Amino acid sequence: MIPPLVMQLLDSLAALLLLLSFAMLAQRRIVTLVDLFALQGAVLCAATLLLAWRTGEVNLYLSAALTLSVKVIALPRLLHAMIRRLGVYWDTDPLLNISGTMLVGVPIVVFAFGLAQPISALASTATRSAIGIAIAVILLAFLTMITRRKAMSQVIGFLSMENGLFFGAMCASYGMPMIVELGVALDVLVAMLVLGVFFFQIREQFDSLDLDRLESRREAP
Amino acid sequence: MRPIDWFTQALAVAVALAAAPLFLGWVNQCRAWLQNRRAASLWQPYLGLRKLLHKDPVIAREASPLFRAAPYVVFAAMLAAAAVIPSMGTRLPMGAAADAIVLVGLFATARVFLALAAMDVGTPFGTLGARREMMVGFLAEPALLMVVFVASLISATTALPVISEHLALRPLELSPSLAFTGVAFTMVLLAENARIPIDNPATHLELTMIHEAMVLEYSGRHLALMEFAASLKLLNYACIGFALFLPWGSATGRSGPLALALALPALGAKLALAGAALATIETVSAKLRVFRAPEFLATAFLLAVLGMLVHLLLGD
Amino acid sequence: MHSAHIRFKSIEASDPQLSATSASALAEVLALLAAWLVVGLAGLVRPGSLRFAGRTLFPLGALVSVAIAVVAAANLGAAPTRVVLPFGLPDLPMHLRLDPLSGIFLVLLGAASAGISVFAAGYFRSGEGTPPGLLCFQYHVFLASMGLVLLADDAYAFMIAWETMALSSYFLVIAQHRIAEIRRAGYLYLVMAHVGALAILLCFGVLQGGSWQFTFDAMRGAHLPPAWAGAAFLLALAGFGAKGGLVPLHAWLPEAHPAAPSPVSALLSGVMLKMAVYGLLRVAFDLIGGLPWWWGLVPVALGLFSALYGIAFAAAQTDMKRLLAYSSIENLGLLFTGIGLAMVFRGASMPTFAALALVAVLYHAINHAFMKSLLFLGTGAVLHSTGERNLGRLGGLIHRMPWVAWLTLVGALAIAGLPPLNGFVSEWLLLQAFLASHAVPYPFVNMLLPLGLGLVALIAALAGYVMVKFFGVVFLGRAREAALADAHDAGFAERLGLGWLALGCVLLGLLPAAVVPVLAGVAQWLGVGALPRPAAGWWMLVPLDARQASYAAPVIAATLFAAVAATSFVLRLVYRRRVRLAEPWACGGAGLSGRTQDTAEGFGQPIRHLFAPFFAMRRALPSPFDAEPRYEVTIGDRFWNVLYAPLAPLTDRVAGALAALQRGRIATFLLYALVTLCLLLALVLVL
């Protein structure tokens, strides 16, 4: 007994999300990181569309459109502009080397998958088996934020975490209420703008976006 | 075992022996076309082997008997591997003698003998090549095993012919775990067969080479065997890839001579496709520094592990 | 699985005939152990005579070894038999028992020590250190005590045997006691052996479960609450792990094993470490009842970590015996992993796979006894012939000592896990067991355990790396020192010993289908589970189902052999080209010497780079402007710095405090005695 093609596609897209999370974990170029984030948004959008088509929920069409406009188009453009203005192209020298980070990532995925088993059993949606992947995406984004030094890549990690949350909500209960989603989308945009202002201020002050410098601010003039 | 199964067995080995240099010639031809060079003949590898076999082997005075024995062992290991890979049909009498883990073990045997032979004469290049080969090998081997294990989990067996038959006969379905492991397998194939981005088969630049550095001291029939074994290894890897990821077209189950007759062109088509793909990958990617090779292989390993985890979660 | 267990017991009860025959087997084994002691004592008659010890006593000891292996192997299927010897503690006479589990380890002990003893007959030379006769005595006491460990059926007998084993091996380790480093290594060994023994003693204390009966039978009958069962298991793991070099209790192993004379190193690594495996198996599968399944995860995790840690360190070593010692840590790690896996499967009601994991453990234990003994003896022969243990000063020995080189190559290929030799078989079995771990019905565990597959594969591949380094640097290439030109091949006795062990490696590799059913019988007797017995010949190993997995080692070997023969025949026949000898090509480079090869440090460099977090590494790099550039790297063990180094000052402080008690005045000592007496009397009153 094999599941219908749509479900197979959804599972494949979920697996792709997980793969993109790992790619973001391993990526040292911030420009590529932004592209990966946009790609993650696109995959998410495709998954939402597929699910909307299968379930016939209008809400899901709306959130797919929202994902497309905010996460695939607006935010990446904003981030690219910021990277050009700030001139931060690389986040070399992460706190833990790449292979080490990936090694930590694997048990995190196992943890997320194990965690999702009871939740999946409770949920009644067709996509419930992918909840584990959503949790894994969230935790891996966390890991991305922890292991990076540049504020820019941490922000991208934060955004990717939001992708995971969104996907999780979609798998567990076909999406959050529309009003919440709109609010979150707005929140993310505003947060981006505020952070952007912060970046410029930080750089004015310290000549760098390295967070290590922030930590040792007492020594700074 | 029916007589036709023994015939399939003999045919698999014969075809592997005959097609290995041809496949290498095809890859080289594709590479040349993609890189705007004029391609050498498709039969060039055979001509190379023939030339080498007609020469006197020259061996360093310091060489031990191990050095002379190694080419035969390496070649025999590759030949034995070719006998258990279901390239034409999945009913192989030898298939029960060696499962996929043994297959990986045979590759490891060949690698260890190659590396030991490279260290035998005691030249700087030989030891350097041996060290690098073993470094690539110890990372590639677990990745390959993980790839095999994902397929074994799907089909509940480690016997490669049975895996291949199971995958060929089950209904067509999108399988993310097989997709992950497919990518991982391709990366292992590139690394294990001394292809770009890990090694460059066309280079003689000392500082970057791996495989060439190891066989530098060989000549004549010994070198011919080593080269033949290398091309056989590439073909073996390609056929393992077909057995796992493109199992359709080979003779399965209790099918008769007709299926076998159809399997031959199917294998040819798959090889043509794989060769073109390999040449494309090699053309569009740049060679990595040796230090980056572990990262490349760690990624392959990780992909295979992710494939396994995704299989366990989604159960495809 | 239970029916088998019960069947054995009922045979024992109802069929006195059978019981009597195997009781004689136990008596035979005991007599043979006594024969070892006699051989050892005979050494004391003429302690200075190398001829007597070498020509007569060690070969006799080897004969006894073979006899023990034969007797134990012949009685593997028999029911357990007991004997109570009339000495020991007043209310605890010495209980001894021969059952399939102890039997299989007796086979291991006998078979491996036979080769080692034959080698030892030609190995020991007169010189400084312990005189040969005394060495012979210690050696045979060591062997007999290991036999007694396997036969012991009460805690007291076990501890006596265990401590005798530790002490006799301590004296063997410090055979070259004039060298300060060796004394230091011996001291560390003794301390760790006692820490381990203490844990084992405590474990037995918990296992008696309030009955104050210290026979193993009483322990089997005691029903411990899960918490106490867990505590007992942890203590056993600590005690036997300390003996088996389980990280982080491993630090003594790479110091002590290389310090000993090579035959002793072989005994320590090849045989004595298996006593730790035996002990843990005895406690975990025989003595403890009611242990929750998840305790099995502890040895799996620790074992995998040990294995990875051990093999990474082995790759970084520059001393060939230390390299082998670290490789032992790796192999013991794999054994502990297998034990844990069997426990998890047993708890998950997957008896077939539990039996498979246990068979893998037993097989690997026997394999490792042969492979590691062979390799240690090979290094011994090299050490004798060159006086050099440092890999950086060896090389090219395959020309000077072909016998040793080719026989050692068998061991190196076997331990690298290459088909068709024996190391591959046990790794294959372990991987097959791991493949079933996704079906364990526990969340998280069913995804974590399959990752072990990847780790085991990585460890096996790294073992190949290490063995290429070991064999390549010692035996291949050019001699790195001029003095190596005088190296000579091993003598007849040494070759015979090496050959015996190499033959064992080959046979165990080629005939797994004959060995596995025997081991499966042991697992079944332990009540772990049974393997199905599919109809397949002696040449085809089918542990589970023929569709699922099969391996025909003789077919693979024959195929390889036929391919080599056919290829060389055809090439020689068709192309009659003569081999010409010339200078090496080396891309036209001239000026090759022993120094233009990769060094042992160089060969370990990728591993040092990749596993950098494991190593406490100090490097001194030369600058381009140095007149005499020097490169220096020292590899330290992080656990040593964190766990062991702080212990020394602590011990010093405690010792200082205790010294304050000791004023040297008789009156003070009498006062202590009085206080102690009063306290004891008070204690009796309270109880």
Side-chain angles (χ1 to χ4, degrees), chain B residues 53-62 64 66 72-73 75-77 79-80 83 96-99 101-102 105-106 108-109 112 115-116 119-125 127-128 130-131 134-135 137-138 141-142 145-146 149 152-153 156-159 162 206 216-217 220-221 294 305 308-309 312, chain C residues 395-396 398-399 413 416-419 424 428 431-432 435 438 446-447 450-451 453-454 457-458 461-462 464-465 468 471-472 476-478 540 546-552 555-556 559-560 563-564 567-568 571 575 577-587 592 596-598 602-603 606 610:
Chain B
L53 286 173
H54 276 102
K55 290 191 168 198
D56 281 350
V58 181
I59 282 182
R61 279 203 181 82
E62 291 87 344
S64 72
L66 183 83
Y72 297 99
V73 177
F75 183 73
L79 205 58
D99 67 350
I101 304 175
V102 184
L106 283 172
T109 308
V112 164
L116 286 178
M119 294 179 82
D120 188 58
V121 178
T123 64
F125 296 121
T127 42
L128 174 135
R131 185 216 306 180
M134 291 313 291
M135 180 185 81
F138 92 75
E141 193 183 307
L145 269 176
M146 281 313 263
F149 288 149
S152 322
L153 285 182
T157 168
T158 53
V162 187
E206 295 91 344
L216 261 183
E217 294 300 322
R221 61 167 174 264
V305 168
M308 175 175 280
L309 288 176
L312 292 177
Chain C
I398 196 171
H399 303 286
L413 295 178
L418 301 179
F424 177 77
W428 187 83
L431 286 172
Q432 291 289 355
L435 261 174
H438 70 97
N446 60 1
M447 294 203 178
L451 296 184
L453 273 173
L458 178 67
L462 267 170
Y465 187 100
V468 167
F471 190 81
L476 302 178
R478 289 155 189 271
M540 177 82 90
R547 230 186 109 76
Q548 212 166 350
S550 54
Y551 169 47
V555 176
I556 296 296
T559 310
L560 286 175
V564 167
T567 320
S568 64
L571 286 190
Y575 306 96
R577 309 309 304 193
R578 200 170 46 86
V579 171
R580 283 192 283 143
L581 294 182
E583 289 304 306
W585 156 233
C587 277
L592 295 178
T596 55
Q597 304 167 86
D598 213 346
F603 216 88
L610 280 172

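Proteins come first, then strands; the chains are lettered A, B, ... in the order of their sequence lines, and each starts at number 1. Remember, predicted model here, so these are calculated numbers, not experimental data.
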Quiz item: Hey, what do you get for CH2 (C/W585) to CG (B/L216), rounding to the nearest 0.5 Å?
Solution: 8.0 Å

Practice problem: Below 4.5 Å from any heavy atom of chain C, which atoms of B/I59 appear? Answer side chain, backbone, both or neither. | Solution: both

Quiz item: Highest number of heavy-atom pairs under 4.5 Å with chain B: which of C/N446, C/L560, C/T559?
Solution: C/L560

Quiz item: Who wins among C/A563, C/A552, C/A457, C/P584 for the most heavy-atom pairs under 4.5 Å with chain B?
Solution: C/P584

Quiz item: Contact part of C/L571 toward chain B, heavy-atom cut-off under 4.5 Å: side chain, backbone, both or neither?
Solution: side chain

Quiz item: Checking heavy atoms, do the side chain of C/I556, its backbone, both or neither come under 4.5 Å from chain B?
Solution: side chain

Quiz item: Of all of C/A416, C/G395, C/G472, C/P419, which one pairs up most often with chain B through heavy atoms under 4.5 Å apart?
Solution: C/P419

Quiz prompt | Interface moiety of C/M540 toward chain B, non-hydrogen atoms closer than 4.5 Å | solution = side chain

Practice problem: Please state whether the side chain, the backbone, both or neither of B/A96 comes within less than 4.5 Å of a heavy atom of chain C. | Solution: both

Quiz item: Can you tell which of C/H438, C/Q432, C/H399, C/Q548 has the highest number of heavy-atom pairs within less than 4.5 Å of chain B?
Solution: C/Q548

Quiz item: With chain C, which of B/T123, B/L79, B/L116, B/L309 has the greatest number of heavy-atom pairs at distances under 4.5 Å?
Solution: B/L116

Practice problem: May I ask you to name which of C/L610, C/D598, C/L435, C/I398 has the most heavy-atom pairs under 4.5 Å with chain B? | Solution: C/D598

Quiz item: Can you find a heavy atom in the side chain of C/Y465 that is under 4.5 Å from one in the side chain of C/P606?
Solution: yes

Quiz prompt | Partner set under side chain to side chain contact (heavy atoms under 4.5 Å, CB included) for C/S568, not counting sequence neighbours | solution = B/Y72, C/R572

Quiz item: What part of B/V305 lies closer than 4.5 angstrom to a heavy atom of chain C: side chain, backbone, both or neither?
Solution: side chain

Quiz item: B/L145, B/T109, B/V73: which one forms the most heavy-atom pairs within less than 4.5 Å of chain C?
Solution: B/T109

Quiz item: Which heavy-atom pair separates B/A130 from B/M119 by the least distance, and what is that distance?
Solution: CB-CG, 3.7 Å

Exercise. Enter the distance from C/R478:CZ to C/Q597:CD here, rounded to the nearest 0.5 Å.
Key: 7.0 Å

Quiz item: Are B/R221 and C/V579 close enough that some pair of their side-chain heavy atoms sits under 4.5 Å apart?
Solution: yes

Quiz item: If you count heavy-atom pairs under 4.5 Å with chain B, which of C/T596, C/V555, C/L592, C/L413 comes out on top?
Solution: C/T596

Self-check item: Residue part contacting chain C, namely of B/E62, when any heavy atom lies under 4.5 Å
Solution: both

Quiz item: Can you tell if the side chain of B/M134 reaches within under 4.5 Å of the side chain of B/V112, non-hydrogen atoms only?
Solution: yes

Quiz item: Is it the side chain or the backbone of C/V468 that comes within 4.5 Å of chain B heavy atoms, both, or neither?
Solution: both

Quiz item: Any idea which of B/S152, B/A98, B/A159 has the most non-hydrogen atom pairs under 4.5 angstrom with chain C?
Solution: B/A98

Quiz prompt | Portion of B/M135 that has a non-hydrogen atom of chain C nearer than 4.5 angstrom | solution = both

Quiz item: Would B/E217 and B/D120 count as a side-chain contact (heavy atoms from CB on, under 4.5 Å) if you check the C-alpha gap in whole Å, the side-chain angles of each, and the deciding distance to 0.1 Å?
Solution: CA-CA 10 Å; B/E217 294 300 322; B/D120 188 58; over 6 Å; no

Quiz prompt | Part of B/L106 within contact of chain C (heavy atom distance under 4.5 Å) | solution = both

Quiz item: Based on non-hydrogen pairs under 4.5 Å, which of B/V162, B/L153, B/I101 is most in contact with chain C?
Solution: B/I101

Quiz item: Using 30° and 60° as the class limits, which term best fits the ring planes of C/Y575 and B/H54: parallel, tilted or perpendicular?
Solution: perpendicular

Quiz item: Does B/D56 offer a backbone N or O that forms a donor-acceptor pair with the side chain of C/R580 under 3.5 Å?
Solution: no

Quiz item: Got a sec: does the CZ of C/R547 have more than 12 other heavy atoms crowding it under 6.0 Å?
Solution: no

Practice problem: For the pair C/Y551 and C/W428, name the ring-plane relationship: parallel under 30°, tilted 30 to 60°, perpendicular over 60°. | Solution: tilted

